[in-house]
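Atom set for the values below is all heavy atoms of this structure, side chains included, hydrogens, waters and symmetry mates excluded. Every chain is numbered from 1, with letters handed out A, B, ... down the list of sequences.
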Protein chains: 2
Amino acid sequence: MGKSESVFEHADALERGLLDIGRASTASGVSIKMIRHYEAIGLLTNVARTHANYRVYSDTDVHTLRFIKRARTLGFSMHDIRDLLALWQNKSRPSASVKKVAAGHMDELKKKIAGMQSMLTTLQHLTHNCHGDQRPDCPILDDLGGPA
Amino acid sequence: MGKSESVFEHADALERGLLDIGRASTASGVSIKMIRHYEAIGLLTNVARTHANYRVYSDTDVHTLRFIKRARTLGFSMHDIRDLLALWQNKSRPSASVKKVAAGHMDELKKKIAGMQSMLTTLQHLTHNCHGDQRPDCPILDDLGGPA
DNA sequence: GCTAAAGTCTGCCACCATTGGAGGGTCAAG
DNA sequence: CTTGACCCTCCAATGGTGGCAGACTTTAGC
């Protein structure tokens with residue numbers, strides 16, 4: 001059973017050290033838009049509300065937001081982050097599970113980097129041979145329109 | 001003034017060396033879905049139709065589709081491809097214009113590669129120190145949930 | 001206490017490139 | 001004439017994020 005949601009007056013909440021969404025955004029570095037989005041997709045649950053229906057965030061919530069932000073910075077997908085959050089909140093997780101998620105993401109990164117590096121290398125060859133002046137002949141277009 | 005669209009019977013069109021969308025897809029390597037999409041966004045214009053409203057493709061159309069596919073393979077955005085197609089079809093373009101588009105894309109690629117490489121390096125450090133066994137302590141989660 | 005500004009709420013649209021499906025029409029072979 | 005393979009159009013979804021509109025609340029100044 002999750003902890004139940006609470007209802008506060010706005011001023012009361014701030015006195016108790018809770019944050020409205022603007023302050024939570026500043027404190028976590030996550031945009032207001034994305035904070036609401038993360039709640040909508042279930043990454044952040046049981047967010048309290050004031051009587052006026054304003055969202056109210058605890059330190060734990062802000063901590064979770066910073067976790068998500070850091071994970072996004074490292075390129076994890078929302079799907080991975082969902083898993084990582086569950087592992088983070090489960091204090092008896094095996095570290096192997098975490099490492100597995102990270103390893104999967106690293107494989108993805110390596111593939112993407114290799115793909116882009118391959119594009120880049122090809123483009124470097126093509127542009128190396130392109131005059132880049134007023135003349136119309138151009139090995140880049142020759143390649144794109146080529147018979148391959 | 002673009003060349004006007006023509007209307008054929010399906011069998012007639014095939015006899016004249018024209019292709020229906022399925023054959024154009026096979027010949028170009030572009031999916032049927034994407035062929036229609038490229039037409040919808042204006043990359044492929046003046047596509048002929050049969051009486052039954054089936055699309056009919058000329059060799060030139062298929063050549064254009066292969067151009068687009070090759071450009072996508074090299075990671076160009078649809079926006080860039082629009083420009084590249086116009087340059088390709090303009091036989092008096094300056095090669096400098098083509099090179100400029102390519103250079104811009106290469107800069108994008110370099111930035112993305114650098115970003116991903118940075119993520120990867122960080123993850124390699126973190127996973128290097130993670131036991132990856134049944135124990136719960138994990139430097140990956142420590143980093144994500146850390147005070148930074 | 002009144003007003004104006006700033007903050008928040010929900011909901012919808014846009015991006016990029018691609019894929020999928022529904023529901024219907026058409027062509028060719030048996 | 002039926003069957004199956006093809007084609008048509010239209011709509012929706014993906015993943016993350018930003019933007020705007022219209023309505024409400026809170027706060028600050030007077």
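No more than 12 heavy atoms of other residues, nucleotides or ligands shown are found within 6.0 angstrom of CD on Q134(B). Annotation for D137(A): atom CG counts as buried by contact number, over 12 foreign heavy atoms lying within 6.0 Å. Within a 6.0 Å sphere centred on CG of D133(A), heavy atoms belonging to other residues, nucleotides or ligands number more than 12.
Rounded to an integer number of Å, the gap from CD1 of I21(A) to C1' of dT25(D) is 15 Å. The CD1 atom of I41(B) sits 15 Å away from the C1' atom of dA14(C) (whole-angstrom rounding). In this structure, the OH atom of Y57(A) is 13 Å from the C1' atom of dG7(C), given to the nearest Å. Put simply, CZ on R23(B) is 12 Å from C1' on dC7(D), counting in whole angstrom units. The interatomic distance linking L19(A) (CG) with dG7(C) (P) rounds to 15 Å, in whole Å. Atom CE of M78(B) is separated from atom C1' of dC15(C) by 14 Å (rounded to the nearest Å).
Side-chain atoms of T73(B) come within 3.5 Å of backbone N or O of K69(B) as a donor-acceptor pair. With hydrogens and angles disregarded, a donor-acceptor distance shorter than 3.5 Å links the side chain of H105(A) to the backbone of L74(A).
Here R70(B) pairs with D143(A) in a salt bridge; the nearest charged N to carboxylate O distance falls below 4.0 Å.
Between R55(B) and dC7(D), a side-chain N or O to OP1/OP2 separation shorter than 4.0 Å is absent. The side chain of R49(A) places an N or O atom within less than 4.0 Å of a non-bridging phosphate oxygen (OP1 or OP2) of dT10(C).
Closest contact between the side chain of H37(B) and the listed nucleotides dC9(C), dG16(D), dT18(C) involves dT18(C).
Ring orientation note: the planes of W88(B) and H63(B) are nearly perpendicular, at an angle over 60° on the 30°/60° scale.
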List, with names and distances, any nitrogen or oxygen atoms from the protein found under 3.5 Å away from nitrogen or oxygen atoms belonging to nucleotides 26-30 of chain C.
| from | atom 1 | to | atom 2 | distance (Å) |
| --- | --- | --- | --- | --- |
| dT26(C) | O4' | Y54(B) | OH | 3.3 |

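Backbone-only engagement by Y38(B) is indicated by non-hydrogen atom pairs under 4.0 Å involving sugar-phosphate atoms exclusively.
In this structure, OG1 in T122(A) is found 12.0 Å from CD1 in I140(A), a value given to the nearest 0.5 Å.
In plain terms, the two heavy atoms of N129(A) and P139(A) that are nearest each other are O-CG, 3.3 Å.
If you find the closest nucleotide of DNA chain C to S77(B) and to N53(A), the one lying nearer the 5' end belongs to N53(A).
For DNA chain C, the residues of residues 29-36 of chain B within the heavy-atom distance limit of 4.0 Å (strictly under) are S31(B), K33(B), M34(B), sorted by number. Of the residues in residues 106-123 of chain A, not one comes within less than 4.0 Å of DNA chain D through any heavy atom.
Using modelled atom types, one finds a donor on one side chain and an acceptor on the other under 3.5 Å when comparing D61(B) with S58(B).
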Carefully, step by step, assess V56(B) and V47(B) under the rule side-chain contact (heavy atoms from CB on, under 4.5 Å). CA-CA 7 Å; V56(B) 174; V47(B) 177; 5.9 Å; no
